[in-house]
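Here the structure is a predicted model, which is why all the values come from computation and not from measurement. Chain A is the first sequence line, chain B the second, and so forth, proteins listed ahead of strands; every chain is numbered from 1. All values below were derived from every heavy atom in this structure, side-chain atoms included, with hydrogens, water molecules and symmetry-related copies excluded.
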Number of protein chains: 2
Amino acid sequence: METSSAIEGLAALAHESRLQAFRLLVRAAPNGIPAGEIASQLDVPPPTLSFHLAHLVRAGLIDSQREGRSVRYALRVDGIRELVGFLTEDCCQGRPELCAPEGALAQDCEGCDA
Amino acid sequence: METSSAIEGLAALAHESRLQAFRLLVRAAPNGIPAGEIASQLDVPPPTLSFHLAHLVRAGLIDSQREGRSVRYALRVDGIRELVGFLTEDCCQGRPELCAPEGALAQDCEGCDA
DNA sequence: TTGATATTTCTAGAATCATGGAAACATCAT
DNA sequence: ATGATGTTTCCATGATTCTAGAAATATCAA
């Protein structure tokens with residue numbers, strides 16, 4: 001992953017509303033959620049939300065698809081995978097032990113359905 | 001990890017010079033590097049670099065220690081671990097398969113000494 | 001076509017962040 | 001003390017990002 005893409009992705013998540021929207025879409029994967037519903041759940045005016053969703057799309061973390069008169073946004077799985085991969089590889093440069101979580105990632109996730 | 005701390009951390013890394021400095025410090029861990037040397041390696045004026053390093057410190061990703069007349073910055077290992085942990089746990093909410101890299105993290109790192 | 005609903009684009013103002021010179025501060029040597 | 005070196009704080013300027021109302025666009029229903 002290019003470092004400029006990584007910076008895009010980090011910046012995209014480094015904002016309260018965008019992080020919240022992203023979280024909603026993670027939980028709603030792979031179906032996604034229409035823009036309006038996201039806006040009302042986050043209590044953000046539509047133009048503001050649209051601005052933030054566009055930011056996440058630009059960063060490759062989500063994508064959108066028109067569906068009747070609404071637009072459904074959904075997680076783009078590879079986006080976050082690549083971003084996490086960038087961070088861990090970056091950390092690994094010569095020193096794997098420095099920033100990898102103790103256990104394997106998949107194992108950490110076993111109890112996450114709460 | 002608090003989401004506000006995560007946002008701090010993401011924002012801290014979402015900048016070219018800061019990400020570069022962070023990378024240097026990852027490689028130089030656990031020894032660290034004096035501020036002046038980081039500045040010259042990145043070709044950034046000292047006041048600007050100082051501003052960025054302070055940002056990374058605030059985010060808990062690095063820390064500093066005076067050493068004679070220079071100040072040595074070093075990776076704070078838990079910082080990046082927590083940040084990566086936040087991202088992966090966030091992704092895992094109910095859907096572990098969505099954003100965990102295929103293999104275990106530690107295994108991904110085996111060939112990273114290049 | 002007209003109207004209702006969903007979303008985005010336009011726009012301007014506000015807020016935040018980045019930059020780097022000058023000055024201040026800290027440390028050490030003489 | 002004085003001076004040299006390394007770093008930070010101060011400050012002003014410029015650049016970017018955020019916000020949300022108003023207007024524009026898209027889709028469907030009657």
Residues in side-chain hydrogen bond (donor to acceptor under 3.5 Å, both in side chains) with [X], at least two apart?
X       : value
A:Arg76 : none
B:Glu16 : B:Gln20
A:Glu2  : none
A:Glu8  : none

Span of DNA chain C engaged by chain B, first through last nucleotide within the 4.0 Å heavy-atom cut-off, is C:dA18 to C:dC28
Can you list, by residue number, the residues of residues 4-14 of chain B that have a non-hydrogen atom closer than 4.0 angstrom to DNA chain C?
none
Close approaches to DNA chain C from residues 39-46 of chain B, in residue order (heavy atom, under 4.0 Å):
B:Pro45
B:Arg69: partners by salt bridge (Lys or Arg N to Asp or Glu O under 4.0 Å), with sequence neighbours left out
none
Please tabulate, for side-chain N and O atoms in residues 28-40 of chain A, each donor-acceptor pair with protein atoms closer than 3.5 Å (sequence neighbours left out).
from	atom 1	to	atom 2	distance (Å)
A:Ser40	OG	A:Gly36	O	3.4
A:Ser40	OG	A:Glu37	O	3.1

Would you mind building the protein contact string for nucleotides 23-29 of chain D? One character per nucleotide, 5' to 3', B for base within reach (heavy atoms under 4.0 Å), S for sugar-phosphate only, - for untouched.
---SBBS
Could you tell me which residues satisfy side chain to side chain contact (heavy atoms under 4.5 Å, CB included) with B:Ala6, sequence neighbours excluded, listed by chain and number?
B:Met1, B:Leu83, B:Phe86
If the condition is ring pair (Phe, Tyr, Trp, His ring centres under 6.0 Å), which residues does A:His55 pass it with, not counting sequence neighbours?
none
Comparing A:Ala54 and A:Ser70 on DNA chain C - which has the more 5′ nearest nucleotide
A:Ser70
